[in-house]
Student: 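Sharing a structure here in structure tokens format.
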Amino acid sequence: MELELEKLRLPSDQERPFVIAGPCSAETEEQVMTTARQLAQKGCHNFRAGAWKPRTKPGGFEGHGEPALKWLKQVKEETGMLVTTEVATPEHVELCLKYGIDILWIGARTSANPFAMQALADALKGVDVPVFVKNPVNPDLELWIGALERINQAGIKMLGAIHRGFSSYDKKIYRNLPMWQIPIELRRRIPELPIICDPSHIGGRRELIAPLCQQAMDLGFDGLIVESHCDPDKAWSDAKQQVTPDVLDYILSLLIIRDEKMSTEGITQLRSQIDELDNELMNLLAKRMRVCREIGMYKKEHNMTVLQPTRYNEILDKRGAQGTLCGMDSDFIKHIFESVHEESVRQQMEIINK
């Protein structure tokens, strides 16, 4: 289904992307107000702080709840910034509306649960407030779209998405894998939906914030939500991924914002070359599948199993190494050949089972 959306009417600096900034958690009134004042002095228009903090394991700081909303209201009254926090239950929504919270966002753990999303959608019926929905913890685009649809069906038309990366057992550079292809596909499917990037949760380390911000801008994201704390090293949650307002201001000042509306006439010829190469790729894949079907016929005639693990591993290792030599990431090449092999097996299974 198509989403019924209205343009997000949120303040932004013309020379910078739309930015929401503030600490991971609202720890104390002093910490909230100090950070807010520093961000306001740097020109920030939208302040964030977690009133409720769902932790992976019990025992950590889980937020102050309603008292933190009073601090956010104070931020709004003193600085003029819009204020936002995460909601996970209908009770959270009710309290945020009571204290005049301007923007709500729904976290990754909640967006992964359709029951929780429907409960929030029911609580938001008849409410005119912007809502951002973070991607689910697992890389499931349909689940993300479903979460957005539930909120939209409740009558929320000022809707946005937050890309915060995806959980992975195999931790490498990032806290959460960016998997940029998923928000890119979301943009293709729902082009009018604003998407902002959360480099803090993707990176998990403050030294990764700047490059992730730039990458988001290069990919045409509409804005950023960044964790900023007046004293990050002493933060009660996610200390390693927060930056001071001064550092955030410096990061934003260095961003290069690309012009999406610039004429593409200069790259038309190059795109034509890409189209020709894609046609060649399709023809080569078709030829490869024809050979695979012949192999399937041979396996059927000689009563052989379709899957040959030794051969499969040989292809992945050989092509992965070849990809590296050609200037491509080996994991990227392996992923391609995994998909090619999956289709080859499917076609051979059809032949054997006829």
Side-chain angles (χ1 to χ4, degrees), residues 1-10 12 17-20 46 48 84 86-88 103-118 120-121 124 129-168 174-204 208-209 211-226 255 257-261 264 332 335-336 339:
M1 65 169 284
E2 292 186 2
L3 300 183
E4 295 184 18
L5 301 176
E6 293 180 0
K7 184 176 177 63
L8 279 169
R9 299 184 296 272
L10 302 176
S12 178
F18 169 77
V19 177
I20 299 174
N46 308 283
R48 59 146 290 159
T84 176
E86 178 180 350
V87 293
I103 310 164
L104 307 179
W105 88 77
I106 299 169
R109 294 173 176 85
T110 308
S111 65
N113 185 336
F115 292 103
M117 287 304 305
Q118 190 58 55
L120 287 173
L124 287 164
V129 61
V131 177
F132 285 91
V133 180
K134 286 194 173 187
N135 62 259
V137 290
N138 47 312
D140 188 334
L141 178 58
E142 299 305 324
L143 193 60
W144 195 1
I145 292 176
L148 290 159
E149 287 179 347
R150 290 179 189 276
I151 300 301
N152 191 232
Q153 287 177 2
I156 300 295
K157 295 184 179 180
M158 284 190 289
L159 191 62
I162 300 176
H163 173 231
R164 49 81 77 188
F166 301 90
S167 296
S168 171
Y174 303 107
R175 174 181 176 180
N176 294 304
L177 299 179
M179 300 184 73
W180 299 104
Q181 69 273 20
I182 293 179
I184 288 171
E185 176 61 14
L186 178 64
R187 170 58 54 81
R188 188 190 71 81
R189 299 263 290 270
I190 316 175
E192 68 276 17
L193 178 73
I195 306 177
I196 66 175
C197 181
D198 180 351
S200 305
H201 281 88
I202 292 176
L208 294 176
I209 302 299
L212 284 166
C213 286
Q214 185 61 61
Q215 191 163 3
M217 294 301 96
D218 291 345
L219 291 172
F221 278 61
D222 298 285
L224 304 163
I225 179 169
V226 187
L255 285 180
I257 310 301
R258 315 289 179 187
D259 188 350
E260 292 183 5
K261 299 178 182 178
T264 59
F332 162 69
H335 180 72
I336 288 176
S339 297

Student: Between atom CD of Glu4 and atom CG of Asn152, what is the distance when rounded to the nearest 0.5 Å?
Tutor: 6.5 Å
Student: Go through the steps for Thr110 and Met117 under the test side-chain contact (heavy atoms from CB on, under 4.5 Å), then give the verdict.
Tutor: CA-CA 7 Å; Thr110 308; Met117 287 304 305; 4.3 Å; yes
Student: Within this structure, what is the CE-CG distance for the pair Met158 and Leu104, rounded to the nearest 0.5 Å?
Tutor: 11.0 Å
Student: Does the side chain of Glu185 reach to within under 4.5 Å of the side chain of Trp180, using non-hydrogen atoms?
Tutor: no
Student: For Ser168 and Leu177, which heavy atoms make the closest approach, and how far apart are they?
Tutor: CB-CD1, 3.6 Å
Student: Looking only at atom types and distance, does a side-chain atom of Asn138 sit under 3.5 Å from a main-chain N or O of Asp140, one as donor and one as acceptor?
Tutor: no
Student: Take Leu5 and Lys157 through the side-chain contact (heavy atoms from CB on, under 4.5 Å) test and state the conclusion after the steps.
Tutor: CA-CA 4 Å; Leu5 301 176; Lys157 295 184 179 180; 5.6 Å; no
Student: Taking the side chain from Asn46 and the backbone from Val19, do they hold a donor-acceptor pair closer than 3.5 Å?
Tutor: yes
Student: So, taking the atom named OG in Ser167 and the one named CG in Asn135, what distance separates them when rounded to the nearest 0.5 Å?
Tutor: 9.0 Å
Student: How long is the gap from CG on Asp222 to CE on Met217, to the nearest 0.5 Å?
Tutor: 8.0 Å
Student: Quick one: do Glu86 and Arg109 satisfy salt bridge (Lys or Arg N to Asp or Glu O under 4.0 Å)? Show the steps, please.
Tutor: CA-CA 11 Å; Glu86 178 180 350; Arg109 294 173 176 85; over 6 Å; no
Student: Donor-acceptor pair, Ser111 side chain versus Lys134 backbone, under 3.5 Å?
Tutor: yes
Student: Do Gln215 and Phe221 have side-chain heavy atoms sitting under 4.5 Å apart?
Tutor: no
Student: Taking the side chain as C-beta and beyond, is there a heavy-atom pair between Val131 and Trp105 under 4.5 Å?
Tutor: no
Student: Ile225 versus Cys197: any side-chain heavy-atom pair under 4.5 Å?
Tutor: no
Student: Below 4.5 Å, heavy atoms only, C-beta onward: do Leu224 and Asp198 meet side chain to side chain?
Tutor: no
Student: At what distance, to the nearest 0.5 angstrom, does CD1 of Ile182 lie from CG of Leu141?
Tutor: 7.0 Å
Student: Quick check: closest heavy atoms across Pro183 and Ile195, and the distance to 0.1 Å?
Tutor: O-CD1, 3.7 Å
Student: Can you tell if the side chain of Ile20 reaches within under 4.5 Å of the side chain of Val226, non-hydrogen atoms only?
Tutor: no
Student: Between atom CH2 of Trp144 and atom CZ of Arg189, what is the distance when rounded to the nearest 0.5 Å?
Tutor: 12.0 Å
Student: Mind running side-chain contact (heavy atoms from CB on, under 4.5 Å) on Phe132 and Ile106 for me, showing each step along the way?
Tutor: CA-CA 6 Å; Phe132 285 91; Ile106 299 169; over 6 Å; no
Student: Using a 3.5 Å distance criterion without hydrogens, assess whether the side chain of Arg187 forms a donor-acceptor pair with backbone atoms of Gly220.
Tutor: yes
Student: Are Tyr174 and Leu208 packed together at the side-chain level, in the sense that at least one heavy-atom pair is separated by less than 4.5 angstrom?
Tutor: yes
Student: Might you work through the side-chain contact (heavy atoms from CB on, under 4.5 Å) test for Glu6 and Ile156, ending with a clear yes or no?
Tutor: CA-CA 9 Å; Glu6 293 180 0; Ile156 300 295; over 6 Å; no
Student: Taking only residues two or more places apart in sequence or in another chain, which ones pass salt bridge (charged side-chain N to carboxylate O under 4.0 Å, His left out) with Glu192?
Tutor: none
Student: Which atom names give the shortest non-hydrogen contact between Leu159 and Pro194, and what distance separates them?
Tutor: O-CD, 3.3 Å
Student: Side chains of Pro178 and Gln181: closer than 4.5 Å at any heavy-atom pair?
Tutor: no
Student: Nearest heavy-atom pair of Leu186 and Ala161: which atoms, and what distance?
Tutor: CD2-CB, 3.9 Å
Student: Looking at every non-hydrogen atom in both residues, tell me the closest pair between Leu255 and Pro17 and how far apart they are.
Tutor: CD1-CG, 4.0 Å
